[in-house]
Amino acid sequence: MGMLEAILLTIATAATPLLIAAMGELVVERSGVLNLGVEGMMVMGAVTGFVVAYSTGSPWLGMIAAVLMGAAFSLLFGFLTLTLVTNQVATGLALTLLGLGLSGMMGRSFVGLPGVKMSAIYIPGLSDLPLVGKLVFGQDPIFYISIALVIGVSYFLFRTRAGLTLRSVGDSHKSAHALGIKVIAIRYAAVTFGGACAGLAGAYLSLVYVPQWVENMTAGRGWIALALVVFASWRPWRVLAGAYLFGAVTIGQLHAQALGLGIPSQLLSALPYLATILVLVLISRNRRLTMMNTPASLGQPFVPDR
Amino acid sequence: MRIELVRRPQTSALFSILSPFLALVLTLIAGAILFAILGKNPLTALYYYFIDPLREVWSLHELAVKAAPLILIAVGLSVCYLSNNWNIGAEGQFIIGAITGSILPVMFPTFQNFLVLPLMMLMGIAGGAAYGAIPAWLKVRFNTNEILTSLMLVYVAQLFLDWLIRGPWRNPKGFNFPETVTFHDWAVLPAISYESGRAHWGFIFALVAAVVVWFMLSRTLKGFEVKVLGQSPRAGRFAGFSRGRMVFFAFLVSGGLAGLAGIAEVSGAIGQLRPSFTTGYGFTAIIVAFLGRLNPLGIVASGLILALTYLGGEAAQISLGVSDKVVRAFQGMILFFVLACDTLIHYRVRLVRPAPKEPAPAAAAEASHGNA
């Protein structure tokens with residue numbers, strides 16, 4: 001395996017959790033809901049995935065449990081913001097804080113235990129092809145799910161009637177409601193989908209990325225995923241590009257640390273966070289463009305009148 | 001069964017006072033259930049959490065030590081949140097304030113006189129405010145989302161602190177432990193009363209800050225400006241208030257107070273910079289701010305309550321063997337319940353039975369016949 005291939009593979013592993021979580025959040029925000037609890041749902045997915053996989057020995061069961069946990073956890077957010085119309089920013093923060101606490105509690109006796117790694121797929125012949133073999137035909141299953149998500153979400157949002165309905169709810173919940181669209185029900189569905197994705201992204205961390213449970217192991221990835229959605233101006237394919245860009249930055253700084261260039265390792269570790277800020281600045285400075293792309297009802301409370 | 005909200009004609013005065021208490025009761029019930037699941041006697045556990053720490057004078061002092069940074073930070077955050085500026089990076093401003101405040105005792109240890117302490121506090125405020133100004137500037141100049149930038153800066157601040165105390169600021173005589181020199185006597189924030197316990201002047205700062213900000217918010221034009229711009233930016237613009245200047249004002253106040261909290265914590269409670277001096281006060285303060293209903297005086301009370309959960313967590317860890325992470329879960333639950341209960345201030349909540357389908361009118365008619 002060549003050096004280039006190895007680097008590309010690690011970039012894919014760094015990018016996949018960001019991509020999955022961001023795809024989920026993209027759908028949520030397209031429906032007009034801002035869920036800042038991605039980090040919390042992700043960390044709950046990570047701990048659930050690890051605990052279930054460790055107890056049953058099956059990474060697949062771990063993955064499924066993580067998805068269900070993410071979805072269930074997001075319903076908590078959904079109930080508060082959609083049914084009780086609480087402030088979405090504050091509720092999202094609460095979800096993150098609660099997730100970080102609960103996951104620490106659940107995973108306390110699992111810290112440092114050797115995890116169950118989800119193995120990469122292997123197709124005889126194809127996976128052995130030079131350069132592209134491992135990259136295209138020899139990755140872990142969740143990687144393929146992440147790519148399928150991009151294609152699926154993109155198709156759903158822009159090529160189906162249901163996708164159009166979801167976007168209309170996000171752009172003007174009042175008009176959508178007046179047309180007889182069930183705004184709240186659609187938003188519940190979107191929030192649950194986002195939670196399931198965040199749970200899957202968390203499972204990727206604890207089942208593939210580092211098969212282990214470490215407290216707060218998401219390390220801000222949920223927040224970076226949120227930033228990616230803004231960066232991508234709410235478009236699925238741009239999220240893919242953004243996630244791989246961030247994967248590259250993350251892997252690049254790890255390689256630089258290994259080389260020991262005399263740059264403090266902390267400065268290199270801070271690069272992904274600084275890059276997030278830089279990217280947000282670059283994308284937001286054009287106010288008109290941002291206004292045009294942002295779902296118009298994003299974060300606005302909605303109480304249906306009867 | 002469906003939940004339906006009916007908007008109240010005006011906000012309910014009763015529930016604005018009652019909702020935090022309702023939230024606390026619900027948290028206690030949820031906590032009891034949580035402990036039962038963990039296999040602990042819920043009553044014993046709640047006793048260790050909420051009563052035991054209040055029984056001795058020294059632990060009341062500890063309560064004040066923990067409450068001081070929470071109140072200071074949350075009071076600043078209330079200005080931010082009321083003006084609709086979502087600073088969630090107080091943890092970063094807290095760390096940077098602690099660092100800039102420590103410059104004198106760490107880099108100029110021979111400079112020892114009565115000026116050191118006031119200068120340290122001022123430098124802590126300046127550092128926190130400057131760090132808070134970054135997301136404010138990015139928001140005003142580049143329209144960047146302050147939630148994400150302020151949070152990203154927390155990670156950067158943590159890494160900067162880590163670099164500092166493992167590198168240039170490490171105590172040369174500290175056996176390679178990642179910590180700075182211990183502060184000399186002039187640089188230590190004195191205790192309020194040495195005989196009875198550890199509570200330091202940071203708690204006094206917190207009370208003063210709460211009263212000053214409360215006065216500003218409720219009795220001055222600036223406070224009015226904060227609320228108008230927060231509730232209706234359009235109305236604020238017609239009134240001639242500047243949105244950009246308000247962004248800076250909110251972030252400078254909250255950053256400065258978080259910075260003061262940082263240096264007061266390091267100089268009063270610890271006596272040196274260590275990587276572990278932050279225990280997430282900046283994030284817990286968000287909960288404090290909301291539990292206090294963004295009112296500085298309410299925040300004093302909620303700061304003490306959240307401080308109690310920290311102490312109770314330590315007590316329960318020792319006596320019951322439950323994880324210290326239970327505290328975080330508890331705190332997260334409090335915020336959830338507070339937000340949920342706040343709905344009652346603006347809405348009446350009704351439970352609606354699902355309407356029966358087609359034969360509904362006939363059935364209703366029959367029912368009324370039956371009654372007659």
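Numbers restart at 1 for each chain; the letters A, B, ... are given by sequence-line order, proteins then strands.
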Separation between OG1 of A:Thr96 and CD1 of B:Ile88, rounded to the nearest 0.5 Å: 8.0 Å
Where B:Arg328 and A:Gly101 come nearest, the two heavy atoms and their spacing: CB-CA, 3.4 Å
Among A:Val85, A:Val89, A:Thr276, residue most engaged with chain B (heavy-atom pairs, under 4.5 Å): A:Val89
Atom pair CZ (B:Phe142) and CG (A:Leu278), whose distance is rounded to the nearest 0.5 Å: 9.5 Å
Heavy-atom pair of closest approach, residues A:Leu98 and B:Gly332: CD1-C, 3.9 Å
Side chain to side chain, A:Leu97 and B:Phe283, heavy atoms closer than 4.5 Å: yes
Spacing of B:Leu138 atom CG and A:Leu280 atom CG [to the nearest 0.5 Å]: 9.0 Å
Residue part contacting chain A, namely of B:Ile287, when any heavy atom lies under 4.5 Å: side chain
From OG1 (B:Thr144) to CD1 (A:Ile277), nearest 0.5 Å: 9.5 Å
Under 4.5 Å from any heavy atom of chain B - which part of A:Leu282: neither
Chain B interface, residue from A:Ala90, A:Ala227, A:Ser109 that has the most non-hydrogen pairs under 4.5 Å: A:Ala90
Contact summary for A:Gly220 and B:Tyr155, nearest pair of heavy atoms: CA-OH, 3.1 Å
Side chain, backbone, both or neither of A:Ser269 within contact of chain B (heavy atoms, under 4.5 Å): both
Sub-4.5 Å side-chain heavy-atom contact between A:Ile224 and B:Met152: yes
Closest approach of B:Ala340 to A:Leu84 (non-hydrogen atoms, all atoms of both residues): CB-CD1, 3.8 Å
Atom group of B:Ile286 that falls short of 4.5 Å from chain A, counting heavy atoms: side chain
Portion of B:Ile134 that has a non-hydrogen atom of chain A nearer than 4.5 angstrom: neither
Atom pair CG/CG of A:Leu36 and B:Leu151 - distance to nearest 0.5 Å: 9.5 Å
Smallest separation among heavy atoms of A:Ala94 and B:Leu339, with atom names: CB-CD1, 4.2 Å
Any A:Asn87 side-chain heavy atom under 4.5 Å of B:Trp86 side chain: yes
B:Arg8, CZ: over 12 other non-hydrogen atoms inside 6.0 angstrom: yes
Closest-packed option against chain B by number of heavy-atom pairs under 4.5 Å, given A:Met106, A:Gln266, A:Arg108: A:Gln266
Close side-chain approach of A:Thr86 and B:Phe336, heavy atoms under 4.5 Å: no
Contact class of B:Asp342 relative to chain A, heavy atoms under 4.5 angstrom: neither
B:Arg166 portion near chain A, given a 4.5 angstrom heavy-atom threshold: side chain
CG-CG distance between A:Asn286 and B:Asn143, expressed to the nearest 0.5 angstrom: 9.5 Å
Residue A:Leu102 versus chain B: region with a heavy atom under 4.5 Å: both
Best-contacting candidate, B:Thr343, B:Leu344, B:Val338, B:Thr284, against chain A by heavy atom pairs under 4.5 angstrom: B:Thr343
Test log, rule side-chain contact (heavy atoms from CB on, under 4.5 Å), inputs A:Leu274 and B:Val156: CA-CA 8 Å; A:Leu274 292 170; B:Val156 175; 3.9 Å; yes
Side chain / backbone / both / neither for A:Val281 at chain B, heavy atoms under 4.5 Å: both
Heavy-atom side-chain proximity of B:Tyr347 to A:Val303 below 4.5 angstrom: yes
Part of A:Leu95 lying under 4.5 Å from any heavy atom of chain B: both
Per-residue contact mode, A:Arg287 against chain B (heavy atom under 4.5 angstrom): both
